[in-house]
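This report concerns only the one structure given below.
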Amino acid sequence: MTDFDRTRALFHMPAGVIYLDGNSLGPLPLAATERVASLMTNQWGEMLIRGWNQAGWMNMPRRIGDRIGRLIGAPEDTVVMGDTLSIKVYQALASAIQLAAEADPKRRVILSDSGNFPSDLYIAEGLIGALDRGYHLKVVEPEAVEAAIDDSIAVLMLTEVDYRTGRLHDMKALTAKAHQAGALAVWDLAHSAGALPVDLAGADADFAVGCTYKYLNGGPGAPAFIYVAPRHLDSVRPALSGWLGHEKPFAFDLGYRPGDGIDRMRVGTPPVIALAALDAALDAWDAVDMADVRSRSIALTNLFIAEVERRCPSLTLGSPRDGASRGSQVSFLHNEGYAIMQALISRGVIGDFRAPNAIRFGFTPLYIGEREVLAAVDILSDIMDKRLWDVAQFKQKALVT
Ligand SMILES: *Cc1c(COP(=O)(O)O)cnc(C)c1O
């Protein structure tokens, strides 16, 4: 048995499904069902409020933060869990703007790119509006980011892997360039954590955030994480200054004093049940090496691209061809992409659609192998050859695409 046969057995996969959407919502880890049931019955049920101390609920955001830290090259005590990713983007960006303003109050530009996820851009817009201090969000094409870094930039805010195309930014080089220009760098790892090796310390990132329901399989709405570089931990203001980020939450002081280190990035009561599911999901990573996950992911995506291009000539590759420049996902473009994806899903091949024309497939070596890749391409080429997508039923847009 290989390591990947072992990890495959850790997940529930419905019969007849080839799941190529773990980049959007990871599948159910069998251990999560049991862990959550046990928490409910034995902890919430029996301990009631005593669970916060007796079962260690209050420390879960830090303990699980350290587990995720090991997957993204973050030292102990620099990662904490809580809230959703959009909230953590707000917090990281607000904190970065504050540090940048202390260093050089003249800078007014937040630089991002058009490959960033809209929520990150919306959050930046909202924050800048609320600050009302003349900041402005500059959005350039992904290829133009490097050249746009100059001494007007306060904060560089990027998502490492483009959600639509899978294009991978060079986090280390862009962070170095930002630092040379006197700016701070905030990285979103939504499509990186659990997808490829990340080395936050090595890249010298200032802040990083990410969600845990994609490649980390924490379940729908699983809490997000935030990383703060050790050099900023004692000076950063958390922006969302909730009571659990206070130095002494249970002193119930009327004024806010930031907690020790990364604790200050906590906001409110942790989602204990969701954290228990995530904690169980993270066990899968104990059995594998991220470098192996990466080489296997590149092999699977290369195979998929080669087979689709050979068998489905009407689809255009929408992702970088070079595996080293790509995350763990592949997109193909077609004007009828939505209907094609619906036809695929009706045959058990689950990917997703991203407007305007991308059908997107995630490859997660923990539970996907060559057999699934080849079977998915068989079905895709059947749908394309026979135009099986060309029926009204597949063109009706649902709420979630
Ligand atoms: C998935 C994703 C999000 C989603 O944010 P939520 O607050 O968890 O809904 C945000 N940013 C990026 C880059 C993403 O890929």
Side-chain angles (χ1 to χ4, degrees), residues 20-27 61 64-65 68 71-72 79-94 96 110-127 137 139 142 145 155-169 171 174 185-196 198 200 205 207-227 239-240 265 267-268 270-271 274-275 277-278 281 318-319 326-331 351-355 358 360-364 399-401:
L20 305 181
D21 212 1
N23 52 309
S24 217
L25 175 67
I64 296 171
I68 289 178
L71 301 175
I72 55 175
V79 179
V80 73
M81 311 305 301
D83 317 295
T84 76
L85 177 51
S86 301
I87 306 283
K88 270 8 212 177
V89 168
Y90 183 99
Q91 204 179 18
L93 182 59
I110 312 304
L111 179 64
S112 192
D113 74 7
S114 57
N116 207 343
F117 190 73
S119 197
D120 297 41
L121 301 176
Y122 302 162
I123 288 281
E125 250 182 63
L127 170 61
L137 176 64
V139 179
V145 168
V155 179
L156 173 66
M157 180 190 83
L158 293 172
T159 295
E160 188 187 19
V161 177
D162 186 316
Y163 75 103
R164 207 185 266 132
T165 64
R167 179 208 30 75
L168 179 63
H169 271 310
M171 175 157 51
L174 291 174
V186 176
W187 286 96
D188 190 325
L189 304 178
H191 295 278
S192 311
L196 43 94
V198 177
L200 285 176
F207 293 86
V209 293
C211 54
T212 59
Y213 48 78
K214 293 172 180 162
Y215 292 93
L216 295 175
N217 314 307
F225 62 85
I226 185 166
Y227 162 83
L240 296 169
M265 301 314 262
V267 182
L275 284 167
L278 172 61
S319 297
R326 209 168 54 219
S328 201
Q329 67 191 61
V330 172
S331 294
D352 57 24
F353 171 77
R354 287 295 174 264
R360 190 175 70 154
F361 304 89
F363 295 87
T364 42
L399 193 60
V400 175
T401 65

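Both counts, for ligands and for their atoms, begin at 1 and track the order of listing.
Closest to atom 11 (N) of ligand 1 among all protein heavy atoms lies Asp120 OD1, 2.7 Å.
Summarising the geometry of Gln91 relative to Ala239, their closest heavy-atom pair is O-CB, 4.5 Å, with the distance given to 0.1 Å. Closest non-hydrogen pair, Lys88 versus Ala224, comes out as CG-CB, 4.1 Å.
When each atom of ligand 1 is checked for a heavy atom of Lys214 under 4.0 Å away, the hits are 1 (C), 2 (C), 3 (C), 14 (C), 15 (O). Ligand 1 places these atoms under 4.0 Å from at least one heavy atom of Ser86: 5 (O), 6 (P), 7 (O). Atoms of ligand 1 lying under 4.0 Å from any heavy atom of Thr159, numbered from 1 in the order shown and given with element: 13 (C). Those atoms of ligand 1 that come under 4.0 Å of a heavy atom in Ala190, given as number and element, are 12 (C), 13 (C), 14 (C), 15 (O).
With Tyr122, Tyr213, Phe117, Tyr90 as candidates, the residue nearest to atom 12 (C) of ligand 1 on a non-hydrogen basis is Phe117.
Side-chain contact between Trp187 and Leu158: present, with at least one pair of heavy atoms (C-beta onward) separated by less than 4.5 Å. The side-chain heavy atoms of Leu196 and Val161, taken from C-beta on, include a pair separated by under 4.5 Å. Using a 4.5 Å heavy-atom threshold, the side chains of Ser331 and Thr165 count as separate.
Although no hydrogens or angles enter the test, the distance criterion places no donor-acceptor pair under 3.5 Å between the side chain of Ser112 and the main chain of Val139.
The shortest N or O to N or O distance between Thr84 and ligand 1 is below 3.5 Å.
Heavy atoms of Asp188 found under 4.0 angstrom from ligand 1 belong exclusively to the side chain.
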